[in-house]
Structures are given as structure tokens and as C-alpha cells.
Amino acid sequence: MEHNLFIYNTLTRRKERFIPLNEPYVGMYVCGPTVYGDGHLGHARPAITFDLLFRWLQQSGYKVRYVRNITDVGHLEHDADEGEDKIAKKARLEQKEPMEVVQYYLNRYHKAMEALNVLPPSIEPHASGHIIEQIEFIKQILDAGYAYISEGSVYFDVRKYDHDHKYGILSGRNIDDLLENTRELDGQQEKHCSLDFALWKKAQPEHIMRWPSPWSDGFPGWHLECSTMGTKYLGQQFDIHGGGMDLVFPHHECEIAQSTAALGHESVRYWMHNNMITINGQKMGKSLGNFITLDEFFTGSHKLLDQAYAPMTIRFFILQAQYRSTVDFSNEALKASEKGYQRLMEAYSRLKSLKPAATSTVDVKDLRAKCTEAMNDDLNSPIVISHLFEAAKAINAVADGKATISAEDLEELKATYKLFVEDVLGLKADAAEGSSSTSDAYKKAVDLLLNIRLEAKQNKDWATSDKIRNALQAAGFTIKDTKDGFEWSL
RNA sequence: GGUACCUUGGCCGAGUGGUUAGGCAACGGUCUGCAAAACCGUGUACAGCGGUUCGAAUCUGCUAGGUACCUCCA
């Protein structure tokens, strides 16, 4: 197998040739959502980024096992150091079972991901379903001597780990600097050192999410599920671990420490991180009032939005930036993407009805190679899109009768467009193009009307011609005349 | 304060030591009964000030501005 894919490894801060551990298999783990609220843009970026990687690895011939976890336990509220976590808090506020909250938001998350055409991962493990594995993982760390028990909780010994290995290799931090900058937090007395983090936390009496363990009734620490489930489903060493840049420290740093402490070696070979999203140049945050959920984008129901934006517009917009760049959402930028996306998809639709000629006057031969090269360069989707737009010009020229394309070139162009537009970038036409008999019948009816209009035009009966067009437009159709016919869409 | 990253034309956004990114918007033109679409043409952009070089927007130093993380966060 060729190894032409280069990906940026956060660990080494450079692009590296991707060579999987056990070809043709690739193991990939991505940090998924904490399901205590509606999905927002911040969830869309990693989902789409790693969906792109998942698709590209498969197109490159790999057999990929893609694991994306669901965090449904843990993650303490910073202002609730009494041991309440986000899901338990939400459950208490809404008078529900924690798992009821989890299920509700998980269903909504899945729906949003489907709308964005994000493929489901191979395995979607829940933290709550792997408590036993997490307890076993803690035992391994305790046995290795890198954790200690305190008041029914278990903490990771960062100082000892740093002495034997090195803490901070991913984020470029060292513990001396970290110690200087540590702020005073409540509930630190149980820890030997402020940098130590919980592997198991004893539950307070009012804490509703709890499981028995050798140390206390409680719940697993914040970082443990990824180390545990990654190892369980992908092995002691695996290829790719992804997530948002904000997770580099402390989450992924702690994961590395946990896995290395328990297994004696690092488990992840390539760390990949997507950059953040800003809205009108500002970080998105609940306190800043610019926190927009995916549903709000799809329906336009947020005061910062001028209009609704289709899921495919959001996807296209995100793909128009390379995943390691920040991407700023603004109405102006989104509208530009919406138009560009429509232009691209119209060209794709025209391509399907092009008629071949004896020779080509357009050059589309190296499109596949150019797009492949761009994808192999750390998933440079903006470049892929720019090449597709170049080809769109050629498609439109042929459709206008201003250029010709040979049968061979046409087949290649169709195959390449399908590969990159649909299979790799995961873009699809928004209108549901079902082939049910009702929609077929309705398409025929519209075609019939437009054919009558065409005849009227040929007879220079502009009154009838315009009447049909105006009526269809009023009903919401877009009508475009072409060289020798028409195009329409709803 | 510490660490890392960034600053490209009206907007978004790639890339690079010397050669057109691309999209949106704008302007002019072609086509068209009109409209829409499409096509053609037009912008001499790379934060500022030095340095290296035959040549830098691309390498380097400083300055200014911005973003992220520093135990909630995608």
C-alpha cells in the first residue's frame, strides 16, 4: 500500500507520513460529546473534521475502526465542587433520571449529525457502560505506583509520573510552570499536589450518579473513559486520536499520562486536533450570548442569524477552511458559502446530463490527482473545493455549448466528482431526491408545464411563456433557461 | 503572568523564496424576447519596521494587534 497521506501530529508539531500500525487496519478514536445539552457548532467541527478523515481513510483503501465516545458521566461543574456533575445537575433541574437526560440529548445529537451527513462511527461507547473497565484501569495505575487513595477517592500522582516519564509532552508544558500558575481551588486537601487529577471520585450523599468500587461509591474521573475505551476497542497501541484543540490540555495530556502509567508505554501514535470556532470574531460561549445550537442554525431562530442555514451549508462552510485554522462564523461568510455551495451542486447536477463529443476542449484529466494530493496534504479540503470549482467552470462551458468533452473524459469527470463531492466531502443535494412514484409523477408534471412553455416560446407567445414561469416561480420553483431547454429546482 | 498559535485584497479563505489559488461581493462585457443562470474580462492583497538574499508576502529579529489553553468547554 502506498503511504501518501501526511497528517499533522500535535505531539511532534509537524506533518508526518501516516503509516498505520497494522495495515490495512486503522484505529481511530475521537472525543465525542458530553450529552447534557443541545449540539452546537463546537460539536459540528470535530464531527465533520474526523468524518472527513474517516471517509478519506476508507477511500484510501484502509479498513477503519472509528470509535467516538459518549460522555454520560463525570465532568464536574467548576462552580460545584461538592461533587455534582453536569448530567446529574441537569437531571436534578429537569426532575429526570440522569439517563433520561442523556438519552434525550443523545437522540438530538444523532439527528443533528445525520443532518450534517456525518457518518456514524463504528463504535459509540458510553462511559457509563464501561465502569468496570475503568475500575480495572485504575487498579493497573495503582499497581504501577502512579496513583494513591485518599478519602475514598483515587488520584493520579503527576509528580511521580513526571519524574519517571515526562508530563506535558503534548501541550509543551512543564510542571514547574504549572505549579506556579495554579490557582487556589476548594477541595484540594485530599490531593498531594494541585496538579494531581481524580481517577475515581467518592460521591457525596446527594450525588445521584454513582457506582460501587473498591474505594467508595462514586464515579470515574474526568479523563479516564477515553484511555479505557480507546484501549479496549483499539488495543494498547493505536493509530489516531482526535478531538478539539481545547482538549489538548489537560484532557489529552492526562490521557497520555494514564495510559503510559498503566501500560508502560504510550498508546496513541498520531494526535490530531481541530481548531476552534468563533462567532463574529469572538469565542463562542454561553456567557457571551453568542452560543448558537445546530438546530438554531438550521431554523434561523437565533437573534444573531439573519436567516436559516441548511445543514449542508454549515458542512460546506466548515470544509472551506482547513481543520487546523480557526473558522469564524458570520452571516456574510455563511451567505457566501451558501451561494458557492449552490453553484457547485448545480454544476454537479448539470454534469449528469452532459452529452459527450468526439474530442475534449476542456482539460479535466488531472482533477482526480489534484484533489487526491490536496486530501493527502493533511486533509486540505479548501484546496479540493477550489479544484472542484475549476472543473465546474468546464462543466458549465460544456453545458452552454461553448466547449466539448469526450466520452472518456466525461466518465472520468463524473466519477471524480462523485468521489470527492459525495463520498469524500460528504456533500449531498439538499432537496430530497427520492425516486418514489409520487415524486416521479410530480417531476413529470413540472417538466410537462415547462415543455408547454418551451413551445410557447418557440411560437413567440411570450404571454403564455411568462405566465407559466411566473406561476411556477410564485410556487417556489427556480426556472433557468438553457441553450436548448430548461432547468428547474424547488 | 506562563505556554502555543495567528495577522493575506470589500468579506471568507489556500499557498509559496522568483510563476493565476478558489468562493462571495463589486464593476464592465457576451448570450437572451425579458428574467434567471452561465461564460469572458477587471482587483497588482499578504499587520508595521529592520535583517538575510540577486530576489521575501514566503526565512530571521523586533514592534503592534488578535486567538486559544493554564484543571467546565468541541
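These numbers come from the heavy atoms of this one structure, side chains and all, not from hydrogens, waters or symmetry mates. Here is how names work: the chains are called A, B, and so on, in the same order as the sequence lines, proteins then strands, and each is numbered from 1.
Dashed line: the shortest gap from a side-chain N or O of A:N380 to OP1 or OP2 of B:A14 is not under 4.0 Å. At the phosphate of B:U67, neither OP1 nor OP2 sits under 4.0 Å from any side-chain N or O atom of A:R324. At the phosphate of B:A74, OP1 or OP2 sits under 4.0 Å from a side-chain N or O atom of A:T34. Distances shown here put a side-chain N or O of A:S325 below 4.0 Å from the OP1 or OP2 atom of B:A14. Taking 4.0 angstrom as the limit, A:R173 places none of its side-chain polar atoms (N or O) nearer than this to OP1 or OP2 of B:G2. For the OP1/OP2 pair of B:G23 and a distance below 4.0 Å, the side-chain nitrogens and oxygens of A:K339 include no atom meeting the criterion.
Aromatic ring pairs are classed by plane angle as parallel below 30°, tilted from 30° to 60° and perpendicular above 60°; the pair A:F329 and A:F317 is perpendicular. Taking the six-membered ring for Trp and thresholds of 30 and 60 degrees, A:H43 and A:H40 have ring planes inclined between 30 and 60 degrees apart. Between A:F197 and A:H223, the angle of the ring planes goes over 60°, which puts this pair in the perpendicular group of the 30/60° scheme. Below 30°, between 30° and 60°, or above 60°: for A:W488 and A:F477 the angle between ring planes is above 60°, a perpendicular geometry. Using cut-offs of 30° and 60° on the angle between ring planes, the pair A:Y309 and A:F297 is tilted.
A:I383 comes within contact range of at least one nucleobase, with a heavy-atom separation under 4.0 Å. Backbone-only contact: A:G244 has heavy atoms under 4.0 Å from sugar-phosphate atoms and none from a base. Using a 4.0 Å heavy-atom cutoff across all strands shown, A:H40 reaches at least one base atom of the nucleic acid. Across all strands shown, A:E487 has no heavy atoms under 4.0 Å from either base or sugar-phosphate atoms. Residue A:M245 is classed as having no contact, given no heavy-atom separation below 4.0 Å to the nucleic acid.
If you measure from atom CG of A:N396 to atom C1' of B:U30, you get 15 Å, rounded to the nearest angstrom. In this structure, CG of A:N470 is placed 14 Å from C1' of B:G33, rounded to the nearest angstrom. Spacing between atom OH of A:Y341 and atom C1' of B:G13 amounts to 19 Å, rounded to whole angstrom units. Remark: P of B:C31 and NZ of A:K402 are 9 Å apart, rounded to the nearest angstrom. A:R68 has its CZ atom 13 Å from the P atom of B:A74, to the nearest Å. One atom, CD1 of A:I277, and another, C1' of B:C73, lie 13 Å apart when rounded to the nearest Å. For the pair A:I292 CD1 and B:C73 C1', the computed distance is 17 Å after rounding to whole Å. The nearest whole Å value for the distance from the CD atom in A:E455 to the P atom in B:G33 is 18 Å.
Comparing A:T478 and A:V248 against RNA chain B, the residue whose closest nucleotide sits nearer the 5' end is A:T478. The residue among A:F197 and A:A333 whose nearest nucleotide of RNA chain B lies closer to the 5′ end is A:A333.
Under the Watson-Crick and G-U wobble criteria, each requiring two contacts below 3.5 Å, nucleotide B:A26 is paired to B:U42. The partner of B:U3, taking Watson-Crick or G-U wobble pairs whose two distances both stay under 3.5 Å, is B:A68. With both pairing distances under 3.5 Å, B:C59 is matched to B:G51 as a Watson-Crick or G-U wobble pair.
The nucleotide whose nearest atom lies closest to any side-chain atom of A:F249 is, among B:C34, B:C70, B:A37, B:C70. Of all nucleotides listed (B:G23, B:A4, B:C70), B:G23 comes nearest to the side chain of A:K393. Comparing B:A74, B:C70, B:A35 by their nearest atom to the side chain of A:D481 picks out B:A35. Proximity note for A:R343 (side chain, C-beta onward) versus B:U71, B:C39, B:A36: the nearest is B:C39. When distances are taken from the side chain of A:R453 to each of B:C34, B:C69, B:C12, the shortest belongs to B:C34. Of the candidates B:C40, B:A14, B:A35, the closest approach to any side-chain atom of A:Q322 belongs to B:A14. Closest to the side chain of A:R469, out of B:G13, B:C34, B:U71, is B:C34. Nearest nucleotide to the A:H43 side chain, out of B:A74, B:A4, B:U71: B:A74. Across B:A74, B:C39, B:G33, the shortest atom-to-atom separation from the side chain of A:D466 is found for B:G33. With B:C39, B:C72, B:A21 as the choices, the nucleotide that has an atom nearest any side-chain atom of A:D400 turns out to be B:C39.
B:A68 and B:C11: their C1' atoms are spaced 24 Å apart (whole Å). When the C1' atom is compared between B:C27 and B:G33, the two are found 26 Å apart, to the nearest whole Å. The separation of B:A14 from B:G2, taken at their P atoms, amounts to 30 Å, rounded to a whole angstrom. Taking atom C1' on both B:C59 and B:U30, the two are 46 Å apart, rounded to the nearest angstrom. Using P as the reference atom, B:G17 and B:A56 are 15 Å apart when rounded to the nearest Å. A gap of 32 Å separates the P atoms of B:A64 and B:U44, to the nearest Å. Straight-line distance between the P atoms of B:C12 and B:U60: roughly 26 Å, to the nearest whole Å. For the P atoms, the distance from B:U16 to B:C72 is 38 Å, rounded to whole Å.
Within a 6.0 Å radius of CD in A:E114, other residues, nucleotides and ligands contribute 12 heavy atoms or fewer.
By the 6.0 Å and 45° rule, A:K393 does not stack over the aromatic ring of A:F389. Geometrically, A:R173 engages A:F249 in a cation-pi contact, judged by NZ or CZ lying under 6.0 Å from the ring centre and within 45° of the ring axis.
B:G23 has no stacking from A:F389 on its base ring, since the centres under 5.5 angstrom apart and planes within 30 degrees of parallel are not both found.
Residues A:A456 and A:S465 approach most closely at CB-N, 4.0 Å, considering heavy atoms.
For a distance-only test at 3.5 Å, the side chain of A:S465 qualifies as a donor-acceptor partner of the base of B:G33.
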